J.: 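Provided herewith is a single structure, encoded as structure tokens, for subsequent inquiry.
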Amino acid sequence: MATYFGEVVEQSSRAFWGDQCDSEDDVHSDSPTNWRKLEVSPSPTQLMSSRIKLFLVVHGPLTEGFVEACFLDKGVPIAEINEAETEGEESFRRRKRKSSAIYSLLSDVLLCICSSHLDMAQSFDFTEKISPWMKNAEQVIILTCSYISGYHITRHQDDSPDTFLKALKTDNFSSLVLSETLEQPNTVKGIPAGVLTWCQIFEIPAVLYICYTRSYEVDSASVKLFQQLFSKLPFKLLKEKPNFTNRLYSGPEISSTLYM
Amino acid sequence: MGGPHSRYGLNEEKKSPLPLLGIEFCSSVLTGGNQWPCLILFRNQYDSDVTVWSPQGRLHQVEYAMEAVKLGSATVGLKNKTHAVLIALKRASSELSAHQKKIIPIDTHIGITIAGLTADARILSRYMRTECLNHKYAHDALLPVSRLITMLGNKMQACTQRYDRRPYGVGLLVAGYDDQGPHVYQTCPSANYFDCKAMAVGSRSQSARTYLEKHLEEFVDCDTDELIKHGLRALRDTLPNEVELNTKNVSIGIVGRNTPFKAFDEEGTAQYLRMIEGEEKRGGPPDTTGQDPTPPQPPPADDGPQDPIPAVAMETE
């Protein structure tokens, strides 16, 4: 039984784990000190100009694929958020890490694409790094995705839709929310949760849309709901003709030979 | 509460206890009330073994196995008075590999198409072939389709009741023809089997089932060519707009009166694809313009027997 909020309780199982090791090192191997700090370049203070209408945060393979396929050309990033490099770490330098980046889509719309390498433990640090831009925004929209198996339902349903949208918003978000609210006991976790929480505390109008789907394969059917969402917003961000031919993300279940 | 609050310089007047690390964000936090966020466990405590029942009377491992069927590509089965047809969407695992076969002949009067774990499908198809051969050897007659399905169901059920086995993660559509006429059966990992007039299983198969339901009355009296065209249209509805059916990714199998089971080659498939070329997609996915499709509903507050509190959520990423 969990004794405090957020505690992950390991379940007992008859599965035999050969290496039964109860050392403290193993249990806390993912403590925050093992994760690198993030740094922004260039510094936000050098970039802040006028107030922006929309700060868009995108997290997850499906949403990233949607942006690549359907959004206007985003050009070069105006800022990047990377893990801080420690001197003498050859292995770190040799490793290619995709960075998170902020792009200017329109004169008053910024897009932040979160790197898939970021861990949940870095959510807090990441949120702080992008907070200067969020403070300067009239509203924040966060897009994320999750497997449909993470959506809590009572009964196994053969006819459940393959994809649907749910939303969470801050108290002061007054614009129209374009999908149903996410019901309990479902939750959002990680960077999207961190950003939305930050907006709630600092009273920035924000809404989070989470797309539940069976597969992260990016095609016109899987991103249809996002396309419909953005067609109703007062920002012209969508291309006339989306491009799905780059096989942006296949998902392990598609490219593997396990399933046919 | 300690560090997280102070890092944000939380105003002490704020009452609601927020999960400030942002690791979790419950909708309850934004209802405006002073409720504590609901306690969440990330594992269902009744899902680690197939032999464990939940208090609601569910076998979660069996239900999870049924999700594996939805990871396979879509496949359709339908029948008229004299023939049963299987249409399947083939998948290429990489650029280098050919599209993998989905339709497996079992006997001269039975064929199957699969959706889910490939290896499990291979084992089941081998079992079905063995049973058909044994029956033919012993009785000098073809094994009735319904009997084969019953035997298959019994074999699959054994895996849902033993702690050292797991359910088969594959769903089959079985097309057969015997003294009783043409048959289309669906089997699933729960070891249930269903005699169907028409059925579709696999990824995004809901669109195909919608098409089949709309045209169900037409199948009985239509001829074989029309039946195959209906199957192709149903399968086409599972595809996104930018992907088309072609001879590489479609497989057609047919069995019936005076027709031993056969899977068409590319030329045979091309002939039927040409017949539906140029037709617009009809009976496509449920209309979602401007609205979400009806999602599965979460449990109501006062439901009957429930899993004990705290509520559980499952993470399978």
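Note on naming: letters A, B, ... go to the chains in the order of the sequence lines (proteins, then strands), and numbering restarts at 1 for each one. Bear in mind the structure is a predicted one, so any value in this text is a computation, not a measurement.
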J.: Does the side chain of Tyr259(A) come within less than 4.5 Å of Leu117(B)'s, by heavy atoms?
T.: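 Side chain of Leu117(B) against side chain of Tyr259(A), heavy atoms only: contact under 4.5 Å found.
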J.: Please answer whether the main-chain N or O of Leu258(A) pairs with a side-chain N or O of Thr118(B) as donor and acceptor at a distance below 3.5 Å.
T.: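 Yes.
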J.: Kindly indicate whether the side chain of Arg204(B), heavy atoms from C-beta on, has any atom under 4.5 Å from the side chain of Asp219(A).
T.: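 Counting from C-beta outward, Arg204(B) and Asp219(A) do come under 4.5 Å.
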J.: Side chain, backbone, both or neither: which part of Ala68(B) has an atom under 4.5 Å from a heavy atom of chain A?
T.: both
J.: Given heavy-atom pairs under 4.5 angstrom as the criterion, report whether the side chain, backbone, both or neither of Ser222(A) touches chain B.
T.: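 Ser222(A) touches chain B through backbone and side-chain heavy atoms alike.
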J.: Check each atom of Lys101(B) against the heavy atoms of chain A and say whether the ones under 4.5 Å are side chain, backbone, both or neither.
T.: backbone
J.: Taking only residues two or more places apart in sequence or in another chain, which ones pass side chain to side chain contact (heavy atoms under 4.5 Å, CB included) with Gln100(B)?
T.: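 Met260(A), Ser97(B).
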J.: Could you tell me which residues satisfy side chain to side chain contact (heavy atoms under 4.5 Å, CB included) with Ala206(A), sequence neighbours excluded, listed by chain and number?
T.: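 So Ala206(A) forms a side chain to side chain contact (heavy atoms under 4.5 Å, CB included) with Val140(A), Thr170(A), Leu196(A), Cys199(A).
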J.: Once rounded to the nearest 0.5 Å, what's the spacing between atom CD1 of Ile148(A) and atom CD of Glu67(B)?
T.: 8.0 Å
J.: Do other residues, nucleotides or ligands put more than 12 heavy atoms under 6.0 Å from the NZ atom of Lys248(B)?
T.: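 Open: at most 12 neighbouring heavy atoms sit under 6.0 Å from NZ of Lys248(B).
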J.: Using atom types as modelled and distance alone, determine if a side-chain donor or acceptor of Glu242(B) lies under 3.5 Å from a backbone N or O of Ser220(A).
T.: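 Confirmed, Glu242(B) side chain pairs with Ser220(A) backbone.
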